[in-house]
Asker: 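Take a look at this one; I'll ask things after.
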Amino acid sequence: MRFDTLAIHAGQEPDPTTGAIMTPVYLTSTYVQDGPGEHKGYEYSRTQNPTRKALQDCLAALEGAKYGAAFASGLAGTDMLMHMLEAGDHVIVSDDVYGGTFRIFDKVFKRSGLNFSFVDLSKPENFEAAITPKTKMVWVETPTNPMLKLIDLARIAEVAKKRGIISVADNTFMTPYFQKPLDLGFDVVAHSTTKYLNGHSDVVGGFVCTSRDDIAERMYFLQNAVGGVSGAFDSFLVLRGVKTLHVRMDRHAQNAMKVAQYLSTHKQVKKVTYPGLETHPQYALAKQQMTGFGGMLTFDIHGGLEAARTFLKTVKVFACAESLGGVESLIEHPAIMTHASVPKEMREKLGILDGFIRLSVGIEDAQDLIDDLAQALDRVK
Ligand SMILES: C=C(NCc1c(COP(=O)(O)O)cnc(C)c1O)C(=O)O
């Protein structure tokens with residue numbers, strides 16, 4: 001089956017007992033056994049749950065993975081992956097990542113003895129230069145959150161394989177609809193399903209998938225042993241949301257392009273970054289490894305923090321809030337909000353400055369979105 005059909009059907013057979021076409025929500029913690037160890041493949045819902053299995057199988061099919069595991073949040077999936085490593089191991093991370101991802105690396109796992117290097121992997125030569133004899137994993141986002149830098153997945157994967165390094169791509173921004181890191185040689189894909197996969201801002205969740213048997217064995221062990229699993233109802237909601245992923249992503253991308261083009265002409269706007277604009281420094285790579293450009297864009301507004309605050313308080317259709325990827329349009333100030341946990345000097349080196357604004361462009365009427373931005377920009381000048 002092709003992507004659009006998999007999004008609706010993969011991992012979901014009609015319920016064998018009743019024929020229910022939608023996977024039931026198995027709100028149960030445990031399963032009665034015929035005798036000690038004599039069960040139907042289900043023992044305890046932290047270990048296995050039919051609704052979570054349907055979600056795991058569906059999302060794995062969309063990423064082209066053999067195995068998938070669903071978690072209570074994106075960072076719970078990150079936590080599981082870090083438990084694959086041991087004290088003294090070294091991880092190379094793209095220098096621009098979600099603030100919470102930076103935080104779990106720098107404030108949690110560094111205390112457990114893991115070492116992290118935050119490297120500008122948009123320049124592929126920097127990856128090999130950062131490898132040490134202790135390097136066990138490379139972790140990338142592309143496009144990065146929030147600077148929307150792109151990383152050449154195939155080139156990173158090639159070097160990682162040659163050096164025996166596990167490669168992980170956080171594919172939250174693009175989703176498998178626009179980008180397939182496993183097809184480009186990556187070992188693991190991670191998602192915050194909170195975002196585009198669920199797509200309706202009513203779940204916090206995570207997902208990790210791979211086609212490597214060795215990684216999968218460890219992944220399922222840790223999912224159960226560490227326990228940060230996706231609950232049955234959250235799994236049902238993500239399974240329901242992902243059914244329209246292909247339709248929503250097309251509309252997100254169409255709207256984002258229109259908004260990016262509008263902002264690019266506005267005198268109050270200093271710089272617009274969107275992978276679909278030919279002005280993006282890595283536009284050629286965007287066209288090479290992505291089939292669409294997503295719904296995320298950023299821009300710098302003249303007037304610094306005061307202008308940014310006024311602007312974020314004046315928009316009406318765009319909601320000022322953290323997160324992204326829902327049907328509604330969101331706007332936020334990374335330096336104060338999503339990336340406050342990144343040290344100021346690191347933020348400023350990346351370009352996350354006082355006038356820097358991130359948009360998650362929703363699937364509303366594009367002209368309504370543009371009109372909303374226009375009226376708010378008029379108030380700023
Ligand atoms: C909440 C936001 N990000 C969460 C996130 C996460 C963490 O996902 P959680 O479900 O919030 O734990 C992981 N990876 C990326 C690329 C993310 O953007 C945000 O950027 O507003």
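Indexing begins at 1, ligand by ligand and atom by atom, following the structure's order. Values below: all heavy atoms of this structure, side chains included; hydrogens, waters and symmetry mates excluded.
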Asker: To the nearest 0.1 Å, how far is atom 6 (C) of ligand 1 from its closest protein heavy atom, and which atom is that?
Answerer: Tyr98 CD2, 3.5 Å

Asker: Indicate yes or no: does an N/O atom of Glu322 lie under 3.5 Å from an N/O atom of ligand 1?
Answerer: no

Asker: Among all the protein's non-hydrogen atoms, which is closest to atom 18 (O) of ligand 1, and how far away is it?
Answerer: Asn145 ND2, 3.1 Å

Asker: Taking a cutoff of less than 4.0 Å between a non-hydrogen atom of the residue and any ligand atom, is Ser323 in contact with ligand 1?
Answerer: yes

Asker: Could you identify the single nearest non-hydrogen protein atom to atom 9 (P) of ligand 1 and state the distance to 0.1 Å?
Answerer: Gly74 N, 3.4 Å

Asker: Check whether the ring centres of Phe102 and Phe118 lie less than 6.0 Å apart, and answer yes or no.
Answerer: yes

Asker: Using a plain distance cutoff, I'd like to know if Leu75 has any nitrogen or oxygen under 3.5 Å from a nitrogen or oxygen of ligand 1.
Answerer: yes

Asker: Testing Leu148, Asn145, Leu359 for side-chain contact (heavy atoms from CB on, under 4.5 Å) with Met296, which one passes?
Answerer: Leu148

Asker: Please round to the nearest 0.5 Å and tell me the distance separating atom SG of Cys58 and atom CD1 of Ile8.
Answerer: 9.5 Å

Asker: One residue to check: Glu332. Relative to ligand 1, which of side chain, backbone, both or neither has a non-hydrogen atom less than 4.0 Å away?
Answerer: neither

Asker: Taking atom CG of Asp95 and atom CE of Met346, what is their separation to the nearest 0.5 Å?
Answerer: 6.5 Å

Asker: Which atoms of ligand 1 are found less than 4.0 Å from any heavy atom of Asp170?
Answerer: 13 (C), 14 (N), 15 (C), 16 (C)

Asker: Below 30° counts as parallel, above 60° as perpendicular, anything between as tilted: where do the rings of Tyr42 and Tyr31 land?
Answerer: tilted

Asker: Looking only at protein heavy atoms, which one is nearest to atom 4 (C) of ligand 1, and what is the separation?
Answerer: Lys195 NZ, 3.0 Å

Asker: Going by the order shown, which atoms of ligand 1 are within less than 4.0 Å of some heavy atom of Glu141?
Answerer: 16 (C)

Asker: Between Met337 and ligand 1, which residue portion shows a heavy-atom distance shorter than 4.0 Å: side chain, backbone, both, or neither?
Answerer: neither

Asker: When you check the gap from the basic side-chain N to the acidic O, do Arg212 and Asp214 get nearer than 4.0 Å?
Answerer: yes

Asker: Under a heavy-atom criterion of less than 4.0 Å, does His191 contact ligand 1?
Answerer: no

Asker: Would you check whether Gly205 reaches within less than 4.0 Å of ligand 1, judged by its heavy atoms?
Answerer: yes

Asker: Angle between ring planes, His246 versus Tyr177, binned at 30° and 60°: parallel, tilted or perpendicular?
Answerer: tilted

Asker: May I ask you to check if ligand 1 and Ser192 share an N or O to N or O distance below 3.5 Å?
Answerer: yes

Asker: Do you know which two heavy atoms are closest between Gly325 and Arg248, and how far apart they sit?
Answerer: O-NH1, 4.3 Å

Asker: Hey, which atoms in ligand 1 end up nearer than 4.0 Å to a heavy atom of Thr194?
Answerer: 10 (O)

Asker: State the atoms of ligand 1, each with its element, that fall below the 4.0 Å cut-off from a heavy-atom position in Arg358.
Answerer: 19 (C), 20 (O), 21 (O)

